[in-house]
Amino acid sequence: MRVAIIGAGVIGLSSALCIHEQFHGLVPSLELELYADHFTPHTTSDGAAGLWQPYLSDHGNLQETLWNKETFDYLLGQLHSPAAKEMGLFLISGYNLFTEPVPDPSWKNIVLGFRNLTPKELEVFPGYSYGWFNTALMLEGRSYLPWLTNRLTQKGVKFFHKKVESFQEVSGNGVDVVLNCSGMRAGHLQPDPELQPGRGQIIKVLAPWVKHFIITHNLKSGIYNSPYIIPGSEFTVLGGIYQHGNWSEENSAKDHKSIWDSCCQLLPPLQKAKIVGEWSGLRPARPSVRLERESIRLGNLQGEVIHNYGHGGFGITIHWGCAMAAARLFGSILQEKQQLATPPGPRL
Amino acid sequence: MASPKVAVVGAGVIGLSTALCITETCPSCSVTVLSDQFSPNTTSDVAAGMLIPHTYPDTPIHRQKQWFKETFSYLFAISNSAEASEAGIHLVSGWQVFKSPPKEELPFWSDIVLGFRPMSEAELQKFPQHQFGQAFTTLKCDCPPYLLWLEKRLKATGTQMYTRKVADLWELQGEYDIVVNCSGMGAQQLVGDKQLFPVRGQVLKVHAPWVKLFIRDGDGLTYIYPGVHRVTLGGTREKGSWSLSPDTGTTREIFDRCCSLEPSLQGAQDIEVKVGLRPSRQCARVQREVLSQGGVKLPVVHNYGHGAGGFSVHWGTANEAAHLVGECISALQGSSSRAKL
């Protein structure tokens, strides 16, 4: 049973790991091979700050809220393990700021210690009159992706550095299942007008005195179009750009100025922070995550594709729940191919 | 008295902040700081600088609360300004956890720190050996940056600072009109205060930049305080011990206690061990005194004995001491005008 995974971002690597962990004991011939044109540190996941936080509203998509919760609970369970530091996993507290009262988010009971901000706390942030405080998790891509890669390598997963142009390309020669975790470029493999870039730009600074994440929200401009500050283990990420439909991965001077000015206004001590880098990336945005099976004609044969892409700006937040869901879809494929040990019985 | 000459003895957080307060409340004063040690060799440099007050048994609570409130407000304003990084002042959130119910459910300072509330069940799950907890956000003053920043501000006012071991306050009479005694542990020798005793603290300063939250055991012995560049792991409270040498067994023990609260600390690097003697007293001594010897008078303002709570109350006691210096000046001006009659 050969499985090809396309994509080596957080989604591709974690889906591969989840499938291996659940099925390698049950399917002796299970072989995983992973194809990607970019590996860490050059994936979209590497650019993300790594803060676990879903969007403000789940738009009624309870499935995604559940996947977010599964991810948080899984990561919280890993926090005390010796692997936590290598994974880039740690606790972090911080603020979400608004200019008007808003309903509580779907994730208020998932994170730790969720509460409203007190008037004294709001004094720190002039211009914002309402907000939340909570403790969440950071999972830094720069550490997590290499950790996932190491685990997969130890388990004998083979990696191939190549730009895959079609499902057929990887599914010849006995590959039974393709896991499509191609993120932003999924449209090249199969057109999907619902998948659009949500361009982001970030400035990396040294500001080790910042111990909290601070995320502002402008309900009119939409998610991530308002300044945010996220302190990591080595540097702090300043951001606040979300441009729907913009495919450019070049840093823009205009966006730089907008991020810098708005973040310094939000947190004046940042004026003294040293800039150490800048990055632009494309959030693979979709009205909802595409996580489903599809039977595809691959030459003379039928093959199965499991799609797992379109996680927008919450890939890290939702990744493990999606990986487990992808593994369940894989399980049902195995069931159908009768690869899983089932007691032999009369076929009626 | 045109320009009263004030000597401040001591250049830890108390001496420097008191000197600064005096320059602000009495601009005509000429202030000089004298100390045998300056940053990074003061007791303050060893401290984590967390704003979590120590309760002085013999000081009225309202006075301690006032001291803490003034200190918190003052530092809060700096933490939100462009000076914050230079001064080493930043907000930090975290948890204080208890194995058995705390004596007071609401400490006197709970309404001064930010967002004080009991920990949730989910948060307490991270601490299987602890049953209760408090979550809040407070300030941290990193040393040496904070002391260096105070020194810089003092220099800007024209204050002179000299390395000098003062063996007796009377040495300063004649050179100075008023002496402010911020000698910390040194006050035992300097003014013979037998109520002052050391409480030895050993700490580790480590590189663990992923630690963003503080954790403190309510018994005060084990704590993890993330600073700008290093995390302070503590500690000990050895009453009566004068030893400034690090003890390797203690280092191992502190590290183990902290790792049991925060397992990821196993990966901490660059462990630096430091020792300080908390200048402890049943109440911090903030008081005026007029010393008298052979008909000569020397006005003294004492500001020492802050023990484990120096950073938490420093600005409040500095204000009070500066106010007392003002009273000394009035008294001197009163007596000098009488002398002219």
Side-chain angles (χ1 to χ4, degrees), chain A residues 73 76-95 109-126 133-135 137-138 140 143 206-214 231-235 264 266-274, chain B residues 72-73 76-95 111-126 128 133 135-137 140 142 145 208-215 226-230 259-269:
Chain A
D73 290 346
L76 199 61
Q78 296 293 310
L79 202 56
H80 282 191
S81 80
K85 183 191 171 195
E86 213 191 316
M87 285 166 80
L89 177 65
F90 54 92
L91 281 171
I92 188 168
S93 301
Y95 305 91
N109 293 323
I110 302 175
V111 295
L112 300 176
F114 181 94
R115 63 172 173 83
N116 286 343
L117 292 180
T118 62
K120 223 163 91 172
E121 288 175 304
L122 285 164
E123 276 173 39
V124 185
F125 309 109
F133 181 94
N134 65 266
T135 300
L137 293 162
M138 281 284 282
E140 297 185 307
S143 298
L206 291 180
W209 64 88
V210 178
K211 305 292 179 191
H212 298 93
F213 61 82
I214 305 169
S233 61
E234 278 175 53
F235 51 78
C264 285
L266 178 60
L267 199 64
L270 283 176
Q271 292 163 51
K272 299 284 169 75
K274 182 175 167 204
Chain B
F72 197 92
S73 298
F76 189 55
I78 302 170
S79 75
N80 210 31
S81 75
E83 307 238 30
S85 58
E86 196 191 336
I89 300 171
H90 56 97
L91 283 173
V92 59
S93 297
W95 296 309
D111 59 344
I112 298 170
V113 297
L114 304 177
F116 185 97
R117 59 171 172 83
M119 277 167 78
S120 64
E121 282 301 315
E123 288 172 304
L124 278 166
Q125 285 195 19
K126 188 175 146 55
F136 55 94
T137 301
K140 189 178 186 298
D142 273 35
W210 61 87
V211 176
K212 307 287 185 194
L213 272 66
F214 74 80
I215 305 172
V228 178
H229 296 292
R230 322 213 89 218
C259 285
S260 77
L261 283 182
E262 180 50 71
S264 72
L265 284 170
Q266 292 286 352
Q269 306 273 322

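Throughout, protein chains are lettered first and strands after them, A, B, ... in sequence-line order, and every chain is numbered starting at 1.
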Please classify the contact of [X] with chain A as side chain, backbone, both or neither, using a heavy-atom distance under 4.5 Å.
X	answer
B:S93	both
B:P209	both
B:L213	side chain
B:A122	both

What one should report as the nearest heavy-atom pair of A:P269 and B:A84 is CG-CB, 3.6 Å
Which atoms form the tightest heavy-atom contact between A:F90 and B:W210, and what is the distance? CD1-O, 3.2 Å
Can A:V124 and B:F76 be said to form a side chain to side chain contact (heavy atoms under 4.5 Å, CB included), step by step? CA-CA 9 Å; A:V124 185; B:F76 189 55; 3.2 Å; yes
Side chain, backbone, both or neither of [X] within contact of chain B (heavy atoms, under 4.5 Å):
X	value
A:K85	side chain
A:T135	side chain
A:H212	side chain

Scored by heavy-atom pairs under 4.5 Å with chain B, the best of A:P231, A:A273, A:P82 is A:P231
Go through A:M138, A:E86, A:Q271, A:K120 and name the one with the most non-hydrogen pairs under 4.5 angstrom from chain B. A:K120
May I ask you to name which of [options] has the most heavy-atom pairs under 4.5 Å with chain A?
options	answer
B:D142, B:V211, B:I112	B:I112
B:G227, B:G88, B:A77	B:G227
B:Q125, B:Q266, B:R117	B:R117

From A:T118 atom OG1 to B:D111 atom CG, the distance as rounded to the nearest 0.5 Å: 11.0 Å
Can you measure from SG (B:C259) to NE2 (A:H80) and round to the nearest 0.5 angstrom? 11.0 Å
Would you please test B:T137 and A:F133 for side chain to side chain contact (heavy atoms under 4.5 Å, CB included) and show each step? CA-CA 10 Å; B:T137 301; A:F133 181 94; 3.9 Å; yes
Would B:K126 and A:L91 count as a side chain to side chain contact (heavy atoms under 4.5 Å, CB included) here? Give the steps. CA-CA 11 Å; B:K126 188 175 146 55; A:L91 281 171; 3.6 Å; yes
Main-chain N/O of A:G232 paired to B:K212 side chain as donor or acceptor, under 3.5 Å: yes
Would the distance check show the side chain of A:K272 and the main-chain N or O of B:S85 forming a donor-acceptor pair, the cut-off being under 3.5 Å? no
